[in-house]
Q: 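Pasting in a structure now, in structure tokens, and then I'll have a few things to ask.
Residue numbers begin at 1 in each chain, while the letters A, B, ... track the order of the sequences. This is a predicted model, so every value here is computed, not measured.
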Protein chains: 2
Amino acid sequence: MTSETPPRRGRGRRPAAEVRAGVLRAAADLLLGEGIKAVTFDRVAAAAGSSKVTLYKWWPSAGALAAEAYFTHSAPRLEFPDTGDLRADLITQMRAFVRLLTAGGAGPVIAGLIGVAQTDPELSAAFSRHYSRPRRALALTTFEKARDRGELRPDVDLTLLVDQLWGACYHRLLVPDEPLTEDFAVALVDNALDGARPR
Amino acid sequence: MTSETPPRRGRGRRPAAEVRAGVLRAAADLLLGEGIKAVTFDRVAAAAGSSKVTLYKWWPSAGALAAEAYFTHSAPRLEFPDTGDLRADLITQMRAFVRLLTAGGAGPVIAGLIGVAQTDPELSAAFSRHYSRPRRALALTTFEKARDRGELRPDVDLTLLVDQLWGACYHRLLVPDEPLTEDFAVALVDNALDGARPR
């Protein structure tokens, strides 16, 4: 987005980056506190002390704003460790991910985002751009390094591992027939690496 | 639409099971033709030549009716082969599943169902009862037989395999950053059985 958004009177003196960060924080607070339906341009503008015109300029829809706000909120909680031991690093990351979705309360939020994304192309695009694609890229970098260290077979489709690990967790989040737990996360890592047939 | 849609008079004489099947067929037609938002009690009742009162008696919400209709429609297309070779049977089933979601046009339908389920507890419960739990149970039966034949390690969490196979496909359906293809389905089966680390 642009950084040269012009001031609206008075409060326009704040730098655009600061205004933007404040809007994202306000949107994240509404999203985490009350869910996706609370993230409207009206309510976010009021909470952030911004104008709706500013919001319309930066985000194509309230859904797109919500998706970016979720990413901004969750990114620091989802760092990818790199200790040189793929299994240990994956278990650390996946447990943190499951904790964020369960005890951390982000589960219903991200389920709501993905739910609405099925009928809101703007939100779907924003979710992809600001959340799921960057997170896929982080995981791939980790997998490539591990492959270069000999921890993964050279012929394995690394992209697919993302679906078999985080995708499996999203499945339990969105179709909650079985519990989403840290033990499940650990077992996912073990099976993705070791396979289910006898060695 | 159904071919034997009954006259509006005298319909009470039809057996309940027949009426029920007709309503589910009409709901499935609307769902597959126009999407989840088209499945309202008004439109289904009109299409099936039934009364809304009858529909309210049988289904707690239009979403619940849609979920059951989808199950009724898809079940014959998702049979689980049992040739005694787990890998081959999984590949057959998973390819049929991906074909149903992509070329078969069911992808947007099931994505819409799961999407709405995030904010519609009735639909979520119906989806679970009529679709996802029965399908999980079918897969588990297959896995248990394969384990008894020695094709799976005795210590593997069989429930988790459902998430690493079908769950991974739902992930690509709902968060479409990477393509959902039959090749992907085959690679999922191989990795779930063989694992990604060198053997």
Q: Who among G150(A), A111(A), G112(A) has the most heavy-atom pairs with chain B under 4.5 Å?
A: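 Top option by heavy-atom pairs under 4.5 Å: A111(A).
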Q: Where along residues 21-40 of chain A does a heavy atom come under 4.5 Å of chain B, listed by residue number?
A: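 Interface residues of residues 21-40 of chain A: K37(A).
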Q: Quick one: CG on L100(B) to SG on C169(B), what's the gap to the nearest 0.5 Å?
A: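 With rounding to 0.5 Å, CG (L100(B)) is 11.5 Å from SG (C169(B)).
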Q: Which answer fits A117(A), side chain, backbone, both or neither, if we ask what part of it has an atom under 4.5 Å from a heavy atom of chain B?
A: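 Contact with chain B involves no heavy atom of A117(A) at all.
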Q: Is L160(A) in contact with chain B via its backbone, its side chain, both, or neither, using a 4.5 Å heavy-atom distance?
A: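 For L160(A), backbone and side chain are both near chain B.
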Q: Using a strict cut-off of less than 4.0 Å between a Lys/Arg side-chain nitrogen and an Asp/Glu carboxylate oxygen, indicate whether K145(B) and D89(B) qualify as a salt bridge.
A: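 D89(B) and K145(B): not salt-bridged.
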Q: List the steps and the verdict of side-chain contact (heavy atoms from CB on, under 4.5 Å) for E151(B) and F143(B).
A: CA-CA 9 Å; E151(B) 291 189 88; F143(B) 290 143; over 6 Å; no
Q: Select, from V162(B), V175(B), V116(B), the one with the greatest count of heavy-atom pairs under 4.5 Å involving chain A.
A: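 Of V162(B), V175(B), V116(B), V175(B) has the most heavy-atom pairs under 4.5 Å with chain A.
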Q: Parallel under 30°, tilted from 30 to 60°, perpendicular over 60°: which one fits the rings of F41(A) and Y56(A)?
A: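 Aromatic pair F41(A)/Y56(A) classed perpendicular.
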Q: In the structure I gave you, are the side-chain heavy atoms of E68(B) and W59(B) within less than 4.5 Å of one another anywhere?
A: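 Yes, close enough: below the 4.5 Å cut-off.
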Q: What part of R133(A) gets within 4.5 angstrom of chain B, counting heavy atoms only: side chain, backbone, both, or neither?
A: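 Answer is both: backbone and side chain atoms of R133(A) are under 4.5 Å from chain B.
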Q: Please report the closest heavy-atom contact between S51(A) and T54(A), naming both atoms and the distance.
A: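 Nearest pair, atom of S51(A) first, then T54(A): OG-OG1, 2.9 Å.
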Q: Heavy-atom distances under 4.5 Å only: say whether L161(B) touches chain A with side chain, backbone, both or neither.
A: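 Contact with chain A is through the side chain of L161(B) alone.
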Q: Nearest 0.5 angstrom please: L113(B) CG to S132(B) OG, how far?
A: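 Interatomic distance, L113(B) CG to S132(B) OG, rounded to 0.5 Å: 11.0 Å.
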Q: Quick one: of L174(A), D157(A), I114(A), who has the most non-hydrogen atom pairs under 4.5 Å with chain B?
A: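 Max contact count across the listed options: L174(A).
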Q: Which residue pairs satisfy the side chain to side chain donor-acceptor pair (under 3.5 Å) criterion with at least one member in residues 186-199 of chain A, sequence neighbours excluded?
A: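 Every pair satisfying side chain to side chain donor-acceptor pair (under 3.5 Å) with a residue in residues 186-199 of chain A: R87(A)-D190(A), R87(A)-D194(A), N191(A)-Q164(B), D194(A)-R197(B), R197(A)-D194(B).
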Q: Is R20(B) close enough and on-axis enough to W58(B), meaning under 6.0 Å and within 45°, for cation-pi?
A: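 Yes, cation above the ring, under 6.0 Å and within 45°.
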Q: What part of L188(B) gets closer than 4.5 Å to chain A, counting heavy atoms only: side chain, backbone, both or neither?
A: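 Both backbone and side chain of L188(B) come within 4.5 Å of chain A.
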Q: Side chain from CB out, backbone as N, CA, C, O: work out which of these in T119(A) comes under 4.5 Å of a heavy atom of chain B, or both, or neither.
A: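 Side chain only.
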Q: Using the ring pair (Phe, Tyr, Trp, His ring centres under 6.0 Å) rule, pick out the option among Y131(A), F97(A), F127(A) that qualifies with Y170(A).
A: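 The option that passes is F97(A).
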